[in-house]
Structures are given as structure tokens and as C-alpha cells.
Amino acid sequence: MKKLRQSLLIQYVLIILVATMFIPITVPALSILFFNFTPEDDSSDRYYNGTDIEQMWSSTAKELGGATEEQIRDKFLEMKGIYPEASLYFIDEEGQNRLKYPESLEIPQHWSASYAVDFMKKNRGGEVDPFTVVSFIGDDQGEGFIVLQIPRSDMVSPSSINGELYNYFIIGTFILILIGFIVISTLFFYRIRKRLLHLQKVMDTSEGNSIPSAVEVKHQDEIGRLGQSFNRMVEELETGRKREQEEEKLRKELIANLSHDLRTPLTTIRGHAYRLKKESLSEDGQESVDLIDEKVNFMAELMENLLSYTLLHAGKYPYHPEEVDIVRLIRTSFAGWYPIFENMKFKIELEIPDERIVWNIDPQWFHRILDNFFQNVYRHAGNGRYVGIKIENRSVIIEDRGPGMSAQSGKKGAGVGLSVVSLMLKEMQLNWDIDTSEQGTTMKITPK
Amino acid sequence: MKKILYLEDDLEIGRIVKEDLEQRGYFVHWLTSGEGAVEALKDEELVILDVMLPGLDGFTVGQRLKRHHPEVPILMLSARTSVDDKLQGLNFADDYVTKPFHPEELAARIEVLLRRNQRAMPEEIRVGRLIVNLTENRILTQSGEEILLTAKQHQIFMYLLRHPNQILTKEQLYEAVWGASFLEGDKSLMVHIRYLREKIEEQPSEPKIVETIRGIGYRVKL
């Protein structure tokens, strides 16, 4: 029983087995039932067969030899009791009709020889309805004859009716078994399907954190075991997720601490350099102090970029895209850089339209990208004395006339910064082209 | 002498900053932890606050200080550079400077905060041929002639003067003066500036006071 409940296969095999075994077992059982319950209606004094009736009638006629009309009448009444549908009449030796049952029967009162012959002729043959038997009374023909007419419909024996009924009954039973089998099979598979669909639905539903909830296991069969495996998987996923979150938190803290721990000594170095600068130093000394200061800046920036790069790569850098008017954003961003380029005697060319151009980007990110570009121009393209910002054909173009990127040997470190820019642009679905030569560098940002 | 409350746990940085600020003429009250900071704040006019402090962290200390002394500006000085940290800090702080900072930058920012807090703009500003009296809201030429501006012109000019040497974009100016968001193509700012120039500039076609930065906005250099 336990095994039965644990296996859908065994359950189904059982259904098929029951269905096939049903036929050899039920058919004999039903036959027995059928014949026991239908009336055994072969009342012995009644015949259905033509030959039997003829024999019975001629022996009756013989027995009536020498009988009075009264006796014949009694016999007729007796016969009528057995064959209620039958017509009976008695014609005497004169051809006179003496008795007829039922009384309403329309036959001539006097039977001429020609009528008798005609009657005999008409009522002969296997198919004539009613079935007619004529017998002379007694041993010779001097006492007249008696006629028995039975409608063919009354000559069908109950047992032959039963036989037909039995055939219908068996066929009906077969059909019933078949329908039963189909219904049970359908129900069986319907139930399986329902449970599978339920399982699928549960597996599909993600509650925001994309881990589905556990399913309730009611049966211990194959599907039930599938559910259990699924639950185990969910559990493992959840512990995995938790561990991942813990690791993520640790990593974030580590990075934050590392950043802090590196920046603190840098601050001290810068502070001391600044103090040194206030002392009276030789020109070389001043230069060294300036260099220290510059390198501190460079280190800080490098750390910042490394941190950003790590976070961006892990998809943990806060990203909040919105509809942004980039014309305005560029204007605001460049307003901060303008005095710096102005001081360096740059030629500044701004070609931005007086209309809104809306991109779906994170404004903070885009600010940072622009800052990075302007910083690169400031640091590496000072010789060119030129910076150009254009918005053309949905593209943002930033140009300089510096020595190009391949010549940027003096101040390295643009690499990580540009990697950050590259990752950010990719995330914001923006294309990025760099065209760099000894005559200058052109950066072009175009939405995809 | 202006007093500054300084919270910093790193002794070396603390010493350098204290020394530098004292040389600049401030009195620095330096604490190495956030405990008791609220009680320590008495007549100081500014707080410099490190984020990573032992015990109470800088954010908590800053919020407490702001609750008890909302009028005292707070400058966060932090090695945390992420946007999230900056935003969290600027929730209550008035400025956020990341380490490694340059002592001069720190000094400049302190000055800005103190000035802002006291509204300590000088009474008179000389710009080009004009002398602007900010307390009386009067604009005089060097020859003593008074220039009368309409309300909008005055607002625009004052906003530019309050942000000297800074390029203000069309949007910034418009939104500050009109108090509504700028619609691209709106020419009213341009028109007002043209009339303003006609009144204040010697040669309105070659403006010297209100500079146009093509494609970006306007600037008043002092």
C-alpha cells in the first residue's frame, strides 16, 4: 500500500490492469447474474415452434375424437388460456362452423369445399401470418376439423428475446467499462497535470529577490519528491544568497576601510609637503614639494578610479537613470571648467544648440564622464591650447589639439579613468568613439 | 578671533590642520573623538568633522550637532569618497571635503562657510565703473550718479554679484530670479540682460561688467 502511494507508475499500471481484468471477470459474472434474474419463462404447455404447435394441435384433435361439442368448447377455452392471441374454430363434417374464438372472428358460417381449399392454399407456407394449423378430429375424417391460427408475433419465445437483450447488455457493459477506463485515466492524468502546473507556477513566481518560495509537499510520489528536491534547492539558494550578501557587505567595508587607510597617510604627506613649502626652500626644493603634491593628487584619483572601477564591474555602483537634458548638463559641467581653460589661454569653442536634447542617463555618471574628459584635456592636451564641445547629429563631441593619446607618456593614469568612463557609457547604452592622432583627440558619445 | 571646533582622530593630520588654521588666525578647539562634541560646542562658529571617528561616527555626531546648534555650519572632512557617502553627509553638513585635501582648499572653504553664515559680504563692491552698496541696494557710478534698475534687472545683477567669478548658466540664473524652471528658447533673460547692460555698461555693445560666456551663460568678475 505504501509503495502504491509512492509511485505514479504503479498506480497507472494498476488502472490498466483493472481495466483489462474487468472484461474476463465481469462478463461471466454478469451473465450469471443476468440469467438468474430474468424469468425462466418457458412455461412447459406452451410451444413457440411451428412444428411443435402442429404436433400439439394434431394430437389434440385426435384426442377429441368422438367428443361432444361441449368438450371441444372446453378444450378450446383451455387452449385460449395458453395461447391468448390465437384464433380457434371448429368446422363440422357438414362444413358448418360450430365454434369460433374469439367471437368477433369473421369467417363464413358455411365452408364450401372450394372455400376450404382456398383457405388451405392461402394459409400455407413458412412466412404466412398468422401461422395456421388444420387438423381433423379423431382418427377418420367424419367428425370435421379444427383450425388454430396464431399470429407470428406471438410465436417468439421469451428466451430468444432474452438472448438479444443479453447481447445488448454485454455490448453496453463493454462500452461502460471503456468509458470508465477513459474517465479514470483522464482524471489520473488531469491530477498529475494539475500538480505539475502548480509546481511550475510556484517555481516561476519570484518575490522580487528572484528566489521562489518553497512548495508544500502533500504526496510522497514522484512529483512529491520533485517538490522536495526543489525545496532543497530553494533552501540552498537562500543560504547562498545570504552568504553572498554577507560577503558583499564585507567587501564593501574592506574597500571603504582600505580607501580610508590609504587616504589618511596621503593627507598627512600632503600636509607635511605644504608645511615644507612654507619654509624657505631652494628652487629645486620647491619643485620637489610641488611634485609631491601633484603625486598625492594623482594617487588619490587613482584610488578613486580603482574603487569606482571595482564597484562598476561588480554592478554595485549606484545607478539612477532619468530623463536628462544633456545640453543643460554639458553647460553646467563646462561652466566649472571654463575658468581653468581660460587661465591656460585655451581657445574655447562651444557649439551647443538652444534646444533640449533628452537622454535617459544618470546625470551624476555623465558629469563624472565629462569631468574625466575635461581633466584629460587639461592635463594632457595643454600644448594644443584648444578645447571644443559640440553637439551634432545627436552626438556629443569633445575635441582637443593635444599630442594625442599615444604620446601621453608624461602623465599616465588616464587608463583606469578611461576604463571607468568606458564601463559607465556602456551601462548607459551610449557608444563611444575615440579618434586620436598627433594633431589632437576627438571623443564622440552617441546614444545607441 | 573666530573659533572652530575640529573633530579628528588622526593625530598627525590633526596637528597639521590645527597649526595651519591657527596660522591663518583661527582659534581651533580640537577633539579626538565624537564623545562630548555637542557639549564642547559653545561659541565656535564652525565645526570641522571627520567621518571615521572612534566610537560615535561622524555622521551621527554631525546630526546631533546640527540638532542642537542648527546655526553652526558643519564641514565634513572625510576619506570616504563615494557619492552615497557625500549625499549622506550633505544631508546635514554644509560642505563635504574629501581627503587628501589641500590645506589651502580647506581654508578657502572655511572662509566661504563663515562668510555665508554671517552674510558677511562687504558693504560696498566695486565692479568696473560701478560702486554697489549692498546694504542700501544702491548702485552708483564712480562719478556719483545713481543707476536705477527694474526689479528683475536688480535681482539678476545681485545674483551675479553674489556669485562672483562664477559662470552662471542661463538655467541657473533664470531659475534663481524667476523661481520657475527654465524653458528652452525663452528669451526673457537675454532681454533683461540687454537692458541691464544698457544701464550699467559704458559701452553696452562691449560689456565689461556682465560678461557673456558664449554657449554657457554669464559672469561677473571681481
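In what follows, every chain begins at residue 1, and chains take the letters A, B, ... in the order their sequences are listed. Below, each value reflects all heavy atoms present in this structure, side chains not excepted, and no hydrogens, waters or symmetry copies.
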Mind listing the closest non-hydrogen atom pair of A:P339 and B:I167 along with its distance?
CD-CD1, 4.0 Å
Would you indicate whether the side-chain heavy atoms of A:R270 and B:P103 approach each other to under 4.5 Å?
yes
Chain B contact via A:D261 - which portion, at a heavy-atom distance below 4.5 Å:
neither
For chain B, find which of A:N297, A:I389, A:T267 contributes the most heavy-atom pairs closer than 4.5 angstrom.
A:T267
For B:K208, look at atom NZ and say whether over 12 heavy atoms of other residues, nucleotides or ligands are found less than 6.0 Å away.
no
Side-chain (A:R331) to main-chain (B:T169) donor-acceptor, under 3.5 angstrom:
no
Nearest-0.5 Å distance that lies between atom CD1 in B:I216 and atom CZ in A:F334
5.5 Å
Can you confirm whether A:Y386 is buried at OH, in the sense that more than 12 heavy atoms of other residues, nucleotides or ligands lie under 6.0 Å from that atom?
yes
Might you confirm whether atom CD of B:E206 has over 12 heavy atoms from other residues, nucleotides or ligands at distances under 6.0 Å?
no
I'd like to check B:K99 versus A:L266 (side-chain heavy atoms, cut-off strictly below 4.5 Å). Are they in contact?
no
Check whether any side-chain heavy atom of A:H272 lies under 4.5 Å from a side-chain heavy atom of B:E12, and answer yes or no.
yes
Applying a strict 4.5 Å limit to non-hydrogen atoms, the region of A:L262 in contact with chain B is neither
Greatest number of non-hydrogen atom pairs under 4.5 angstrom with chain A, of B:L183, B:I13, B:D10, falls to B:I13
Looking only at heavy atoms and a cut-off of under 4.5 Å, which of B:T98, B:L168, B:D20 has the most pairs with chain A?
B:D20
Quick one: which of B:Q166, B:Q172, B:E19 has the most heavy-atom pairs under 4.5 Å with chain A, could you say?
B:E19
What's the separation between atom OH in A:Y274 and atom CD in B:E104, rounded to the nearest 0.5 Å?
4.0 Å
A quick test of your reading: do over 12 heavy atoms of other residues, nucleotides or ligands sit less than 6.0 Å from NZ of B:K66?
yes
Take atom CD of B:E202 as the centre, draw a 6.0 Å sphere, and report whether it contains more than 12 heavy atoms from other residues, nucleotides or ligands.
no
Residue among A:A300, A:P318, A:P265, A:S308 with most heavy-atom pairs under 4.5 Å to chain B:
A:P318
Using 0.5 Å steps for rounding, measure from the NZ atom of B:K86 to the CD atom of A:Q364.
9.0 Å
So does B:R80 pair up with A:E253, basic N to acidic O under 4.0 Å?
no
Does a sphere of radius 6.0 Å around CG in A:N393 hold more than 12 heavy atoms from other residues, nucleotides or ligands, not counting ones at 6.0 Å or beyond?
no
Would you say B:M52 and A:R263 make side-chain contact, with heavy atoms under 4.5 Å?
no
Residues 348-361 of chain A: residues contacting chain B (heavy atom under 4.5 Å, by number):
A:L350, A:I352, A:D354, A:E355, A:R356
Answer key: most heavy-atom pairs under 4.5 Å with chain B among A:M303, A:R328, A:M299, A:H260 is A:R328
Tell me the residues of residues 276-290 of chain A whose non-hydrogen atoms fall below 4.5 Å from those of chain B, in number order.
A:K278
